[in-house]
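Data block below; observations after.
Start at 1 and go down the list; that is how both ligands and their atoms are numbered.
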Amino acid sequence: MGRCPWKRRAGAFGCLLSRFHGIRYEYGIFFHHIREGIQVETPDNWLRYGNVWEIPRPERLYPVKFYGRVAQFVDEHQATRSEWIETEDVMAMAYDTPVPGYANSTANTLRLWAAKSTRDFDLDYFNHGDYVRAVEDKDKTETISKVLYPNDNVSAGKELRLRQEYFFVSATLQDILLRYQKAHDTFDLFPEKVAIQLNDTHPSLAVPELMRLFIDQHGLSWEKAWGLTTQTFAYTNHTVLPEALEHWPVSLLERVVPRVLQIIYDINQRFLGEVARHFPRNVERLGRMSLIEEGEEKRVRMAHVAIVGSHSVNGVSDLHTKILKEELFHDFFEMYPERFNSKTNGITQRRWLLLCNPRLSRLITGRLGEGWVTDLEQLKGLVPLAEDAAFRARWRQVKAANKRDLAAVILKTTGIEVRLDSIFDCQVKRMHEYKRQLLNVLHVIHLYNSIKAGNSIVPRTVVFAGKAAPGYFMAKLVIRLIHGVAERVNHDPDAGDLLKVILIPNYGVSLAEKIIPAADLSEQISIAGSEASGTGNMKFALNGALIIGTLDGANVEILEQVGEENIFIFGMTAEEVREGKRRGYQPRQYYEGVPELRKIIDMIGGGYFSAAQLGLFEPVVDSLLRAEDPYMVLADFASYVDCQKRAALAYLDPEGWSRKSILNVAHMGRFSSDRTVAEYAREIWGVNPAPVGPSPAPTDLRRV
Ligand SMILES: *Cc1c(COP(=O)(O)O)cnc(C)c1O
């Protein structure tokens with residue numbers, strides 16, 4: 001193979017083949033409409049007209065076992081072994097999508113699994129008396145790859161979801177083992193040849209599944225299998241939100257994947273023995289660290305399975321990693337400090353600048369050359385240009401043209417005309433309480449009240465976009481509130497063209513590519529300690545928007561890069577949040593103590609934005625005023641409003657604003673996913689870069 005960008009372990013073992021695995025869902029994330037303020041979901045049947053990019057691999061077919069029971073038997077060496085029998089098998093079939101590198105000779109593979117009924121391959125089927133029933137059964141097994149669960153940062157906890165996770169993990173591991181065995185007689189080199197990165201806990205059943213395959217299918221001893229397994233896996237955590245942490249009921253695993261559950265128990269028994277040796281006479285610690293959570297309903301803590309089964313555990317920003325070490329996984333950090341490391345997320349400049357913002361790309365390339373496209377640190381060359389008035393004028397022209405394009409999209413999707421010289425103030429991301437779209441809404445109402453009181457404001461267009469999980473009541477209510485505020489504000493002659501509130505439906509990558517290049521201000525206002533990294537923050541800054549944000553996730557590192565004069569930071573720090581919660585949050589204090597805030601909340605609760613249904617937003621008010629509000633929206637309100645004033649004032653100075661904007665772009669080099677991937681490769685997978693050739697001539701392109 002002559003086209004491999006990475007070599008594992010200092011080049012001694014040849015090339016690295018990088019492969020992403022997942023499920024080939026028939027229905028991906030839903031389509032999103034807004035009808036009279038209400039989010040309506042419709043299925044996105046993306047395969048309807050076929051998919052020319054994928055290559056079906058009907059020969060890459062693996063059986064995945066479900067249900068049944070475990071039988072014990074004694075093998076020819078008098079050892080007791082387990083067999084998972086009377087299972088209902090589902091076949092996993094591979095579909096490959098090539099992922100070409102940028103102007104080089106490399107193509108990696110995205111391999112997605114589709115569920116196929118075993119009946120298709122079962123000769124028995126032809127003798128089946130009830131033909132129609134047999135075909136019906138076939139449909140049922142194929143539901144596994146039918147639809148993606150649409151939750152964001154919430155664990156679904158459904159049997160079908162569990163079956164999806166196990167299906168994809170088992171098929172992937174069988175595939176990896178088969179490929180390895182084609183070239184090797186023993187598994188001794190397995191961890192040197194194979195590195196598996198667990199992208200969150202969703203694939204963490206891979207740990208017991210690889211153990212099962214090694215022991216039950218390949219006859220390895222427990223000790224041998226465990227050594228290979230833990231050297232192969234590494235785990236990336238993506239969230240600290242408690243509702244997002246997967247913990248499957250033991251009773252469910254027992255029914256759906258009984259042999260896998262047995263292995264989890266075996267791992268736990270040995271692991272707790274190790275904990276007890278490390279920390280003698282500490283029963284409470286054993287309970288905290290156990291893979292099994294005791295209680296009325298026993299559950300498996302999937303994050304613990306992933307940590308125990310991996311040689312590396314990482315967070316996705318420095319702050320997030322610190323929280324993993326000091327809070328969420330503190331017990332594990334004390335036991336395995338060397339396992340923990342940080343890998344700050346990144347974004348690809350090929351999509352999030354070169355492709356989505358051709359005007360800015362041309363301007364930058366005209367001055368710096370095109371090296372930044374594969375080496376984002378080269379954007380540092382823009383630093384001196386921030387002092388060049390002619391360059392700043394060109395920079396503003398680019399932003400103005402992008403804003404014109406977005407204004408046309410806004411007019412087309414919402415019928416509303418916006419001022420091109422207004423601040424394009426954008427909060428586009430999934431709808432979730434921790435991201436605090438509500439805080440932004442409170443500020444919008446504050447601006448509106450200010451106008452109504454006869455004050456002038458710096459003109460603003462506040463753009464919201466984002467899908468709420470279909471079952472997430474409060475997130476959907478916030479969408480209705482944004483719509484209600486928009487209806488009031490956009491049609492009030494007093495507000496005129498000073499303030500517009502825009503809610504664009506069906507947020508996804510295609511819409512993000514239109515909004516981000518046109519943004520002036522990027523809202524990154526999650527409660528500190530809750531956003532693991534964020535990547536929207538990076539995309540906006542790379543396109544010359546200034547961030548208004550909390551010291552959360554990667555915002556902290558963006559601040560370090562761009563400098564405090566080029567970013568608008570407000571609100572509590574993660575430590576202040578923790579301390580505030582310990583002392584007891586008292587939202588009523590803010591409600592009663594800040595007349596301006598009280599007025600806003602009373603307007604929301606009193607039906608000012610829901611004339612047809614006066615009490616509609618009472619649950620919003622309740623959520624803001626309860627002492628248990630984990631998002632502490634009111635505590636950051638005053639600081640946020642103050643910071644927004646600073647931002648608006650800064651916008652009145654176009655030269656100063658352009659300088660800040662240029663310096664943001666100039667300092668985004670660290671946030672390229674090229675840097676992130678290189679760190680994973682070097683520090684976790686033990687692979688070094690190898691030279692890649694230029695793009696092959698078209699005739700050289702072979703099937704990948
Ligand atoms: C980047 C991106 C996100 C993540 O945005 P955050 O602001 O980091 O939550 C979500 N959705 C889409 C479509 C994106 O492009």
Side-chain angles (χ1 to χ4, degrees), residues 28-32 39 41 44 46 148-154 199-200 236-241 244 315-317 319-320 343-357 406 409 413 424-440 462-469 472 475 478-479 503-519 521-543 545-559 567 631 664 668 671-673 676:
I29 194 69
F30 57 88
F31 243 78
H32 179 249
Q39 165 175 310
E41 305 92 21
D44 176 13
W46 71 297
L148 166 70
Y149 278 88
N151 290 343
D152 178 67
N153 276 297
V154 186
N199 189 20
D200 214 332
T236 304
N237 173 275
H238 286 276
T239 177
V240 300
L241 297 187
V316 290
S317 71
L319 174 64
H320 171 52
K343 296 283 169 282
T344 299
N345 276 165
I347 54 164
T348 170
Q349 67 267 33
R350 267 83 64 188
R351 176 175 295 275
W352 295 111
L353 182 52
L354 183 65
L355 187 74
C356 76
N357 197 343
L406 179 60
V409 172
T413 52
F424 276 29
D425 172 356
C426 303
Q427 187 170 22
V428 297
K429 49 183 73 239
R430 289 298 292 261
M431 286 287 173
H432 202 297
E433 285 167 288
Y434 87 85
K435 293 177 182 279
R436 299 200 297 190
Q437 279 92 358
L438 254 181
L439 181 58
N440 192 348
V462 184
V463 176
F464 291 91
K467 292 172 183 175
Y472 192 168
V478 170
I479 291 180
L503 177 59
I504 313 181
N506 203 39
Y507 185 60
V509 167
S510 301
L511 188 58
E513 287 177 357
K514 298 192 172 91
I515 295 174
I516 291 170
L521 198 58
S522 146
E523 299 274 348
Q524 308 300 336
I525 61 179
S526 52
I527 179 170
S530 68
E531 188 77 271
S533 160
T535 52
N537 46 6
M538 302 166 187
K539 297 170 196 168
F540 277 102
L542 183 61
N543 284 273
L546 305 194
I547 289 174
I548 180 163
T550 48
L551 286 174
D552 202 11
N555 292 356
V556 177
E557 290 158 71
I558 294 175
L559 162 67
I567 187 168
Y631 315 107
N664 265 264
M668 280 304 109
F671 304 103
S672 171
S673 50
T676 311

What are the polar N/O contacts of ligand 1 with the protein below 3.5 Å, with distances?
from: ligand 1; atom 1: 7 (O); to: K429; atom 2: NZ; distance (Å): 2.7
from: ligand 1; atom 1: 8 (O); to: T535; atom 2: N; distance (Å): 2.8
from: ligand 1; atom 1: 8 (O); to: G536; atom 2: N; distance (Å): 3.0
from: ligand 1; atom 1: 9 (O); to: K435; atom 2: NZ; distance (Å): 2.7
from: ligand 1; atom 1: 15 (O); to: K539; atom 2: NZ; distance (Å): 2.6

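In this structure, the side chain of Q349 does not engage the main chain of M668 through any donor-acceptor pair within 3.5 Å. Under the 3.5 Å distance criterion, the side-chain polar atoms of D44 are left unmatched by any main-chain donor or acceptor of G28.
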Practice problem: Could you please spell out the steps behind the side-chain contact (heavy atoms from CB on, under 4.5 Å) verdict for W352 and V509? | Solution: CA-CA 10 Å; W352 295 111; V509 167; 4.0 Å; yes
Exercise. I would like to know whether E513 and R351 meet salt bridge (charged side-chain N to carboxylate O under 4.0 Å, His left out); could you show each step before the answer?
Key: CA-CA 8 Å; E513 287 177 357; R351 176 175 295 275; 2.4 Å; yes
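E433 pairs by the salt bridge (Lys or Arg N to Asp or Glu O under 4.0 Å) definition with nothing, not counting sequence neighbours.
The distance from the NE2 atom of H32 to the NZ atom of K467 is 7.5 Å, given to the nearest 0.5 Å.
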